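This chain uses plain numbering: 1 for the first residue, then up along the sequence. Values reported hereafter were calculated over all heavy atoms of this structure, with side chains retained and with hydrogens, waters and symmetry mates removed. Predicted model, so just to flag it, every value in this text is computed and none were measured.
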Amino acid sequence: MAAALVSCTQASSGGGPGADVPGTSAEPAADRARGAESAGDADRAGREAPTGEDTTVPSPEPALVRDAFATLQATLGETCTPGAGDCAYFLGRVTQELTELDASMRADNKGPGHFAKPLADMKALFATLGEDRTEAHLEKHFSAIVGTRDGINTWMQDHPDDYR
């Protein structure tokens with residue numbers, strides 16, 4: 001439908017394919033009918049697409065380990081004070097960065113065996129956190145979250161080939 005609208009807009013503004021074709025008629029009702037007909041054709045074409053085709057949008061690949069680590073490392077200078085109401089963003093971000101680093105390490109060509117220690121640390125943290133990502137729950141596990149981040153940073157510093 002969007003393509004039909006762009007096409008109609010280009011034609012009526014004098015640009016685009018079919019610029020030599022008049023974009024509007026003296027009858028606005030006729031213009032609306034043509035627009036509805038084009039939209040209907042586009043809608044019908046979408047419904048009549050072959051069912052054997054995979055129409056799902058592929059999910060993006062995990063970031064490279066070095067990129068995922070860089071975003072985690074960017075949190076090293078940040079902190080919060082549990083109970084002060086300033087931890088939701090920080091702990092949520094660190095937890096998200098750890099989740100993305102976990103996915104990157106598992107997808108890396110070196111294989112998860114190369115990253116056994118950080119992956120084990122993240123697995124233990126994620127088991128402790130469960131699915132609860134509320135500020136109060138994350139604050140309760142502040143030390144575990146920050147400790148995991150710092151431990152992974154130390155491990156990665158000993159493996160510069162993984163992040164350079």
Side-chain angles (χ1 to χ4, degrees), residues 1-10 13 15-16 35 38-40 42-164:
M1 185 159 34
L5 292 174
V6 169
S7 176
C8 291
T9 303
Q10 287 176 339
S13 66
S38 295
D43 188 41
R44 250 189 320 282
R47 286 192 310 264
E48 295 171 3
T51 58
E53 289 184 28
D54 182 12
T55 58
T56 58
V57 177
S59 59
E61 293 292 318
L64 296 173
V65 170
R66 68 179 168 85
D67 296 339
F69 176 61
T71 59
L72 177 67
Q73 200 173 27
T75 69
L76 287 176
E78 299 176 26
T79 191
C80 68
T81 305
D86 64 346
C87 285
Y89 171 76
F90 170 70
L91 292 175
R93 178 176 175 204
V94 172
T95 303
Q96 181 62 39
E97 299 297 348
L98 288 169
T99 301
E100 291 172 7
L101 182 60
D102 180 84
S104 296
M105 287 179 169
R106 291 181 188 287
D108 191 82
N109 290 336
K110 293 179 181 178
H114 175 74
F115 301 101
K117 171 76 170 118
L119 286 172
D121 291 347
M122 287 185 281
K123 181 178 181 179
L125 175 66
F126 300 149
T128 297
L129 294 177
E131 297 296 318
D132 188 351
R133 296 295 187 264
T134 62
E135 182 177 10
H137 186 69
L138 294 177
E139 283 183 1
K140 180 177 159 186
H141 299 289
F142 175 88
S143 295
I145 294 168
V146 172
T148 300
R149 175 200 65 182
D150 294 348
I152 289 172
N153 180 60
T154 300
W155 187 91
M156 289 293 286
Q157 296 304 323
D158 290 336
H159 296 82
D161 59 308
D162 290 321
Y163 67 91
R164 290 191 180 156

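Across His137 and Leu129, no two heavy atoms sit closer than the pair NE2-O, 2.9 Å. In plain terms, the two heavy atoms of Phe142 and Leu91 that are nearest each other are CD1-CD2, 3.7 Å. Nearest approach of Gly85 to Glu139, heavy atoms of both residues: N-OE2, 4.4 Å. Between Asp162 and His114, the shortest heavy-atom contact is OD2-NE2, 2.8 Å. Contact between Leu138 and Arg133 at its shortest, heavy atoms only, is CD1-O, 3.6 Å. The two residues Val65 and Leu101 come nearest to each other via the heavy atoms O-CD1, 4.0 Å.
Considering Trp155, Phe69, Phe115 in turn, Phe69 is the only one that fulfils the ring pair (Phe, Tyr, Trp, His ring centres under 6.0 Å) rule with Tyr163. Under the side chain to side chain contact (heavy atoms under 4.5 Å, CB included) rule, Arg149 has a single partner from Asn153, Ile152, Val146, which is Val146.
Atom CD of Glu135 sits about 7.5 Å away from atom SG of Cys80, to the nearest 0.5 Å. The structure places OG1 of Thr148 at 11.5 Å from CG of Asp102, a figure rounded to the nearest 0.5 Å. A distance of 10.5 Å separates CE in Met156 from CZ in Arg164, rounded to the nearest 0.5 Å.
Surrounding NZ of Lys117 are at most 12 heavy atoms belonging to other residues, nucleotides or ligands under 6.0 Å away. Heavy atoms from other residues, nucleotides or ligands lying under 6.0 Å from CG of Asn109 number 12 at most.
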**Asked** Where do Asp161 and Lys110 land on the salt bridge (charged side-chain N to carboxylate O under 4.0 Å, His left out) test, with the steps shown first?
**Response** CA-CA 11 Å; Asp161 59 308; Lys110 293 179 181 178; 2.9 Å; yes

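Looking at Phe90 and Val94, their side chains come closer than 4.5 Å, going by heavy atoms from C-beta outward.
Between the side chain of Ser104 and the main chain of Ala63, a donor-acceptor pair closer than 3.5 Å is present. Side-chain N or O atoms of Thr95 include none that pairs as donor or acceptor with a backbone N or O of Gly92 at under 3.5 Å. Side chain of Glu97 to main chain of Thr75: no donor-acceptor pair is present (N/O by atom type, distance under 3.5 Å, no hydrogens or angles).
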